[in-house]
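First up is the structure itself, then whatever we jot down about it.
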Amino acid sequence: MKNVLAIVLCALLLIVSVGAMADGQKVGVSMPTKDLQRWNQDGENMQKLLEAAGYTVDLQYASNDVQTQLSQIENMISEGADVLVIAAIEGSSLGEALTMAKDESIPVIAYDRLLMESDAVSYYATFDNYMVGTVQGTYIKEQLDLENAAGPFNLEITAGDPGDNNAGYFYQGAIDVLKPYIDAGKLVVKSGQVAFDDVATPTWATETAQTRAENILSSFYADGTNVDVWLCSNDSTALGVENALAANYTGTYPIITGQDCDIANTKNMIAGKQSMSVFKDTRTLAAQVVKMVGQILSGETVDVNDTETYNNNVIVVPSFLCEPVFADANNYKALLIDSGYYTEDQLK
Ligand code: BGC
């Protein structure tokens, strides 16, 4: 009986304190698109956690259209948002809306992707983007034993969206590991496409990555030459490369990297069609951002762990970096199923 009373009391206290903390406060959450799996999860997680903490949530997806995102954010502002959480389609294109937020003293949190060219960004929460690339590059280095093996190995590269500030970090993290071996001729890029601008994939679209991979395969590997490894910055682009390989390639299947542990790609890892991914638990990021929102609105010190890296060309934005985790067919069960991220059925 005592226990029951204690539980009821605790629950009441929680409700009263959450109510006191968040009552009537409104959080606008602007997400880039529903087309890629992760943003659906990010949006759902944010909404669930914010509502549980007592906030009113205005969650919008912008169909990867910058104008739509701009007007959605402007609406959030005119409808009285107390805080904005924004995952930008194009980091540099939201200036007008950000200035409007600043004029109304609305704090802005850049979610996962940095908002560029603006002093109206209060905080940034993301995963360590450079580390994602380092994990991919190091995996390739170890799998091919680049230190000891004679090679040469054929490498192709598919990177992300030039409008997304993260894409450069992913690319650079991996290239910094691989460049010495490219320079030494142990890794050979037959297409000659190495520079970020040559390997980028606008909007991270699977179809665009697939078309480019098909062109590379038919131009440089149609004679039976093996492509030994394909560095892909994330899962949506890796999927494009995997589709292209399935249709246009007869050589030995390459090592392929990815990022996000999307369902389609996790299935491909289990089936041996993708070698690894980088797991970024969107629940962790959402929880961190909800914490930030609470700290901002109650005037507490906001938790950050990086005050140097993320310069948006106007200010260095105080950031909280979550840690990305290596994933492959050997550890996906513990990472993704045991942790409740996916059910076993979702991966069948
Ligand atoms: C995210 C990645 C994601 C990519 C495409 C990036 O900004 O950090 O996790 O794969 O966008 O959605």
Side-chain angles (χ1 to χ4, degrees), residues 30-46 61-66 69 85-94 109-116 124-136 158-174 196 199-210 231-242 256-266 268-269 274 276-286 288-289 309-310 312 317 319-327 335-336 341:
S30 169
M31 290 281 144
T33 174
K34 284 195 156 212
D35 288 353
L36 298 186
Q37 188 198 315
R38 73 156 291 182
W39 305 110
N40 294 280
Q41 281 163 233
D42 286 278
E44 271 168 35
N45 287 333
M46 285 292 299
Y61 288 86
S63 309
N64 259 342
D65 180 66
V66 174
Q69 188 164 40
V85 177
I86 302 172
I89 296 164
E90 243 180 55
S92 311
S93 302
L94 297 174
I109 300 173
Y111 184 96
D112 194 79
R113 298 172 170 176
L114 187 57
L115 293 158
M116 305 299 291
Y124 179 36
T126 189
F127 286 85
D128 187 331
N129 295 304
Y130 184 84
M131 192 194 284
V132 169
T134 308
V135 170
Q136 295 167 335
T158 296
D161 184 351
D164 175 355
N165 188 58
N166 290 353
Y169 281 94
F170 302 145
Y171 170 85
Q172 206 55 51
F196 177 78
V199 299
T201 311
T203 76
W204 297 92
T206 299
E207 299 70 27
T208 310
Q210 180 170 342
L231 169 68
C232 298
S233 285
N234 86 330
D235 279 355
S236 63
T237 54
L239 198 60
V241 169
E242 288 151 25
I256 303 180
T257 64
Q259 163 185 200
D260 292 330
C261 290
D262 282 353
I263 289 179
N265 300 72
T266 306
N268 274 1
M269 284 202 293
Q274 179 170 320
M276 59 82 77
S277 191
V278 180
F279 180 45
K280 304 197 300 188
D281 193 330
T282 50
R283 296 169 299 188
T284 313
L285 183 59
Q288 192 60 42
V289 172
T309 309
Y310 288 98
N312 76 355
V317 184
S319 305
F320 191 96
L321 309 186
C322 304
E323 200 171 315
V325 178
F326 171 84
L335 278 184
L336 305 174
Y341 200 73

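Both counts, for ligands and for their atoms, begin at 1 and track the order of listing.
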[X] and [Y]: side-chain donor and acceptor closer than 3.5 Å?
| X | Y | answer |
| --- | --- | --- |
| Asp260 | Asn265 | no |
| Tyr111 | Ser30 | no |
| Asn45 | Thr282 | yes |
| Ser277 | Asp235 | yes |

Next on the checklist: Tell me which residues fall inside the under-4.0 Å heavy-atom shell around ligand 1.
Outcome noted: Leu36, Arg38, Trp39, Asp112, Arg113, Asp164, Asn166, Phe170, Trp204, Asn234, Gln259, Asp260, Lys280
Checklist entry - Does the side chain of Asn166 reach to within under 4.5 Å of the side chain of Phe127, using non-hydrogen atoms? => result no
Item to check | Contacts of type salt bridge (charged side-chain N to carboxylate O under 4.0 Å, His left out), residue Arg113, not counting sequence neighbours | outcome: Asp164
